[in-house]
Amino acid sequence: MKKGRILTGHRPTGRRHLGHLLGTLENWARLQDEYECFFLVADWHVLTSDYAHTDRLEENIYQMLCDWLAAGINPERSTMLLQSAVPEHAELSLLFSMLVTVSRLQRNPTYKEQKKELHLGERASLGLLAYPVLQAADILVYRANAVPVGEDQLPHLELSREIARRFNSLYTSVFPEPQAVLSPTPRLPGTDGRMMHTSYGNTIPLSATSEEIREKVMGTITDPQKIYLRDPGHPEICTVFAYHRALGQTDIAMLENDCRAGRIGCVACKKELAERLVQRLQPFREIRERVSREQVMSLLHEGSKRARLEAQESLRLVRQAMHMAYSHR
């Protein structure tokens, strides 16, 4: 018996990386056993900050889906869908936008952070400001009652809950208030110590070759205070140690003690990590090699058709609740 329905997804920005695997994908694969899962390729969301490079979308979608499949997302057990192939997302977002004030959206901490991070200033688009409203429509158009999120996404989910409450209060109870299913793995730092992000070039792609993995790991920053082998280390500030911990290493306590006592150097620690990652990611490359572009895009097409049937039913209920159904009879 399934616990309920989940909606989650990624923006298609290309190949997935280690942060995606440990932060979301492994969790998604497990959740398929417990929930009816809808996995969203959020191509409209890409446009909020990268509207000038739509020529990259098709390839990025394909690369991302290959990694989803390699990570265990099973289209026979779950639904993979393309956001722009289900126009009901846009219609519901428009209707929800009537229920949210501009000041409420401007208080969203993620909006403020993205404006600062992307140096947008007054050039921030309406789409970026209204991103959480479209995200609420993504979730609620499938009447999902659970959303796996990181802690940084909780403000967006809270807005989705507010919108669901307001709609149900004003009209008729149509939407559940989606609950957060927090990811068990915190966000990983990138190889340069900043947030791991494709645009920073500081990721370790899941499809990387063995040599690419070793090169990435050996270039990763470590504890700046540990210069020589015998120097005591500080694992709590070391990116390499963060990766060891996230991979679930059984002897992590011993590694931490050896680092603090100066019994292991950073080069040896990196080499150990690199070989673990080579072994861990080998199955991803093998699965990717077995699927064709035609197969991958066909799975997305079929999933989008199934998803749209669900979305159309939600919009029927919404129009009926808002006394707008007469125009669709």
Side-chain angles (χ1 to χ4, degrees), residues 1-12 16 20 24-47 57-96 134-149 157 160 164 167 174-176 178-179 181 287-288 290-321 325 328:
M1 183 72 173
K2 299 288 186 180
K3 292 182 179 178
R5 179 177 287 180
I6 271 180
L7 183 287
T8 188
H10 281 161
R11 301 194 322 158
R16 303 294 86 183
H20 291 128
T24 59
L25 291 177
E26 287 187 335
N27 191 40
W28 290 5
R30 287 191 295 267
L31 289 171
Q32 292 177 113
D33 294 330
E34 304 173 35
Y35 293 87
E36 179 188 7
C37 293
F38 286 71
F39 296 114
L40 177 70
V41 178
D43 55 338
W44 279 338
H45 284 305
V46 171
L47 306 183
L57 268 176
E58 184 176 349
E59 179 63 21
N60 285 347
I61 289 169
Y62 166 68
Q63 293 294 341
M64 185 177 79
L65 287 174
C66 286
D67 285 329
W68 281 12
L69 295 171
I73 302 305
N74 186 341
E76 294 182 358
R77 302 168 60 202
S78 303
T79 301
M80 300 191 309
L81 66 132
L82 182 65
Q83 188 180 32
S84 62
V86 186
E88 285 74 17
H89 287 242
E91 181 178 349
L92 189 58
S93 178
L94 174 65
L95 295 173
F96 283 167
L134 177 56
Q135 190 173 66
D138 295 333
I139 297 165
L140 296 174
V141 79
Y142 300 106
R143 285 165 283 155
N145 57 6
V147 182
V149 293
L157 183 59
S160 299
F167 184 97
V174 171
F175 300 112
Q179 303 297 314
V181 180
I287 292 172
R288 273 176 142 267
R290 293 202 297 265
V291 295
S292 68
R293 182 181 293 267
E294 183 180 0
Q295 289 173 318
V296 170
M297 301 314 287
S298 176
L299 290 171
L300 183 62
H301 176 70
E302 291 302 315
S304 299
K305 285 201 305 184
R306 292 197 305 273
R308 190 170 187 197
L309 294 175
E310 293 287 342
Q312 288 172 332
E313 173 60 14
S314 292
L315 263 295
R316 185 189 69 79
L317 295 173
V318 165
R319 295 177 191 127
Q320 187 176 61
H328 296 272

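Residue numbers run from 1 in the order of the sequence given.
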Subject >> Option passing side chain to side chain contact (heavy atoms under 4.5 Å, CB included) with P12 (candidates L57, L82, L40) >> reply: L57
**OP:** Could you walk me through whether L134 and Q83 pass the side chain to side chain contact (heavy atoms under 4.5 Å, CB included) test, one step at a time?
**Re:** CA-CA 10 Å; L134 177 56; Q83 188 180 32; 3.7 Å; yes
**OP:** Would you please name every residue forming a side chain to side chain donor-acceptor pair (under 3.5 Å) with R306, sequence neighbours left out?
**Re:** none
**OP:** Kindly give the heavy-atom pair with the smallest separation between L7 and D138, and that separation in Å.
**Re:** CG-O, 3.4 Å
Original post:
Between atom CG of L300 and atom CZ of F39, what is the distance when rounded to the nearest 0.5 Å?
Top reply: 13.5 Å
Original post:
Only one of H89, R5, E310, E36 forms a side-chain hydrogen bond (donor to acceptor under 3.5 Å, both in side chains) with Y142, so which one is it?
Top reply: H89
Original post:
How far apart are the C-alpha atoms of L299 and L69, what are their side-chain angles, what is the distance that settles it, and do they pass the side chain to side chain contact (heavy atoms under 4.5 Å, CB included) test?
Top reply: CA-CA 10 Å; L299 290 171; L69 295 171; 4.2 Å; yes
Subject >> Interatomic spacing from CG in L25 to CZ in R30 - rounded to 0.5 Å >> reply: 10.5 Å
**OP:** For the pair V86 and V141, evaluate side chain to side chain contact (heavy atoms under 4.5 Å, CB included) and give the outcome as yes or no after the intermediate values.
**Re:** CA-CA 10 Å; V86 186; V141 79; 5.8 Å; no
**OP:** Please round to the nearest 0.5 Å and tell me the distance separating atom CZ of R319 and atom CG of L92.
**Re:** 10.0 Å
**OP:** Kindly write out the residues that satisfy salt bridge (Lys or Arg N to Asp or Glu O under 4.0 Å) with E34, not counting sequence neighbours, or none if the list is empty.
**Re:** K3
Original post:
Hey, does Q320 have a side-chain heavy atom less than 4.5 Å from the side chain of R316?
Top reply: yes
Original post:
With sequence neighbours excluded, what pairs up with S78 under the side chain to side chain donor-acceptor pair (under 3.5 Å) test?
Top reply: Q32
Original post:
To the nearest 0.5 Å, what is the distance between CG (L140) and OG (S314)?
Top reply: 9.0 Å
Subject >> Side chain to side chain, W28 and P148, heavy atoms closer than 4.5 Å >> reply: yes
Original post:
By side chain to side chain donor-acceptor pair (under 3.5 Å), which residues pair with R11, not counting sequence neighbours?
Top reply: S49
Subject >> Side-chain touch F167/L95, heavy atoms, less than 4.5 angstrom >> reply: no
**OP:** Check whether any side-chain heavy atom of Q295 sits under 4.5 Å from a side-chain heavy atom of R290, and report yes or no.
**Re:** no
Original post:
Is Q312 close to L309 at the side-chain level, that is, under 4.5 Å between some pair of heavy atoms?
Top reply: yes
Please tabulate, for the side chains in residues 60-68, all donor-acceptor contacts under 3.5 angstrom to protein atoms that are two or more places apart in sequence or on a different chain.
residue: N60; atom: ND2; partner: R56; partner atom: O; Å: 3.4
residue: Q63; atom: OE1; partner: R288; partner atom: NH1; Å: 3.3
residue: Q63; atom: OE1; partner: R288; partner atom: NH2; Å: 2.8
residue: Q63; atom: NE2; partner: E59; partner atom: OE2; Å: 2.6
residue: D67; atom: OD1; partner: R288; partner atom: NE; Å: 2.8
residue: D67; atom: OD2; partner: R16; partner atom: N; Å: 2.7
residue: W68; atom: NE1; partner: H10; partner atom: ND1; Å: 3.3

Original post:
Taking the side chain as C-beta and beyond, is there a heavy-atom pair between L157 and I139 under 4.5 Å?
Top reply: yes
Subject >> Which residues share a side chain to side chain contact (heavy atoms under 4.5 Å, CB included) with L94, sequence neighbours left out >> reply: S97, M98
